[in-house]
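Note that the structure is predicted; figures quoted are calculated from it, not measured. We number each residue from 1, following the sequence as shown.
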Amino acid sequence: MAPRLTAKGAATRQRIVEGAAEQIRERGATESTLDDIRARTATSKSQLFHYFPGGKEELLLAVARHEAGRVLSDQQPHLGALTSRQAWYDWRDAVVDRYRRQGQQCPLGTLVSQLSPATPGAQAVTRELLASWQAQITSGIRVMQEKREIPPELDADRAAAALLAGIQGGVSILMSTGSLTHLEVALDLGIERLLVAPATVSAPATVSAPATVSAPAPVPAPASAHVPPAH
């Protein structure tokens with residue numbers, strides 16, 4: 001169980017996490033030792049283990065949570081305010097800019113790969129990140145549906161999941177190739193398809209009743225012809 005911290009203790013712990021995050025971004029999780037992190041954060045060994053009794057693995061998990069938080073905070077305030085067409089495109093630009101600055105290195109992915117699957121909370125870091133990200137996109141879609149800017153019959157949660165999957169695919173290609181093109185296309189097409197104005201349903205055209213066709217006048221039978229009786 002993590003120790004309960006005073007405000008000063010919480011600030012010290014956060015300082016260690018942020019310093020460790022900077023160290024890992026520069027050197028990588030494998031190459032960064034606890035001694036490197038202690039030196040960078042001016043932390044004693046006893047102090048480090050006070051805040052992270054599980055050692056490096058517990059510290060890496062804390063840094064992974066920190067990096068996951070940055071993925072979302074780097075998209076604000078746009079991600080939390082998807083309330084207009086312009087806001088959606090501002091968010092798009094923020095996402096692209098974030099990953100342009102990050103480049104091919106993914107601190108969160110590197111950290112998660114270094115953690116054992118048995119580490120409590122390791123699998124939850126990415127799961128919670130994606131759940132929060134999707135929930136905020138879903139919220140934006142619903143706001144736009146209320147404004148009739150997105151078709152109301154669209155399943156907002158599924159649409160958000162599809163857009164997020166496109167973003168993640170674009171980021172994966174960026175990490176492999178260094179190209180932002182697929183991320184930009186995934187965002188552009190995803191947003192364009194969401195923001196298709198609902199079709200205006202026109203009133204059905206009035207159909208005129210068909211003209212009454214008069215029955216032909218009966219043709220008188222010749223005087224000598226036999227007319228069969230009605231049944």
So that I can tick it off, tell me whether Glu18 and Arg70 are bridged by a salt bridge, with the cut-off set at under 4.0 angstrom between side-chain N and carboxylate O.
no
Between Lys147 (side chain only) and Arg142 (backbone N and O only), is there a donor and an acceptor less than 3.5 Å apart?
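No.
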What distance do Thr83 atom OG1 and Trp88 atom CH2 have between them, rounded to the nearest 0.5 Å?
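Output value for this atom pair is 10.5 Å.
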Going through the distances and angles, do Tyr99 and Val71 end up as a side-chain contact (heavy atoms from CB on, under 4.5 Å)?
CA-CA 9 Å; Tyr99 286 103; Val71 171; 3.8 Å; yes
From the options Asp36, Asp35, Thr30, select the one residue that forms a side chain to side chain donor-acceptor pair (under 3.5 Å) with Thr33.
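Passing option: Asp36.
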Quick check: does any side chain N or O of Gln145 sit under 3.5 Å from a backbone N or O of Pro151, one acting as donor and the other as acceptor?
yes
Between Gln136 and Gln76, does any side-chain donor sit less than 3.5 Å from a side-chain acceptor?
yes
Assess the residue pair Leu48 and Thr41 against the criterion (side-chain contact (heavy atoms from CB on, under 4.5 Å)); give the C-alpha distance rounded to whole Å, side-chain angles, the decisive distance to 0.1 Å, and a yes or no.
CA-CA 10 Å; Leu48 186 67; Thr41 59; 5.7 Å; no
Give a yes or no on whether the backbone of Ala39 and the side-chain of Thr43 come within a donor-acceptor separation of less than 3.5 Å.
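Flag not set: sc Thr43 to bb Ala39 has no pair under 3.5 Å.
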Would you find a donor on one side and an acceptor on the other, under 3.5 Å apart, between the side chain of Glu67 and the backbone of Leu108?
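No, the answer is negative, given that no donor and acceptor are paired below the 3.5 Å cut-off.
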Check for a donor-acceptor pair, side chain of Arg25 on one end and backbone N or O of Pro107 on the other, with a separation under 3.5 Å.
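Not at all, since once roles are kept as given, no pair shorter than 3.5 Å links the two residues.
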Arg100 (side chain) donor-acceptor with Leu180 (main chain) under 3.5 angstrom
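Not at all, since once roles are kept as given, no pair shorter than 3.5 Å links the two residues.
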To the nearest 0.5 Å, what is the distance between CD (Gln104) and CE (Met175)?
8.5 Å
Rounded to the nearest 0.5 Å, how far apart are CG of Leu174 and OG1 of Thr181?
10.0 Å
Hey, what do you get for CD1 (Ile24) to CG (Leu60), rounding to the nearest 0.5 Å?
5.0 Å
Here the gap from Ile150 atom CD1 to Leu82 atom CG, rounded to the nearest 0.5 Å, amounts to 9.0 Å
Salt bridge present between Glu128 and Arg65 (N-O < 4.0 angstrom):
no
Starting at CG of Leu5, measure out to NE2 of His50 and round the result to the nearest 0.5 Å.
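Separation between the atoms: 6.0 Å.
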Does Arg101 pair with Asp97 as a salt bridge, N-O distance under 4.0 Å?
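Yes, this pair counts.
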Does one side chain, of Arg127 or Gln123, offer a donor that lies under 3.5 Å from an acceptor on the other?
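Note: Arg127 and Gln123 side chains miss the donor-acceptor criterion.
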Mark yes or no for whether Ser132, through its side chain, and Leu129, through its backbone, hold a donor-acceptor pair below 3.5 Å.
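Not a single qualifying donor-acceptor pair exists.
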Could you tell me whether the side chain of Thr177 and the main chain of Ile173 form a donor-acceptor pair under 3.5 Å?
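Looks like yes, one N/O pair under 3.5 Å.
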Between Val185 and Ile137, is there shared hydrophobic-cluster membership here, with clusters defined by ILVMFWY side-chain heavy atoms closer than 4.5 Å?
no
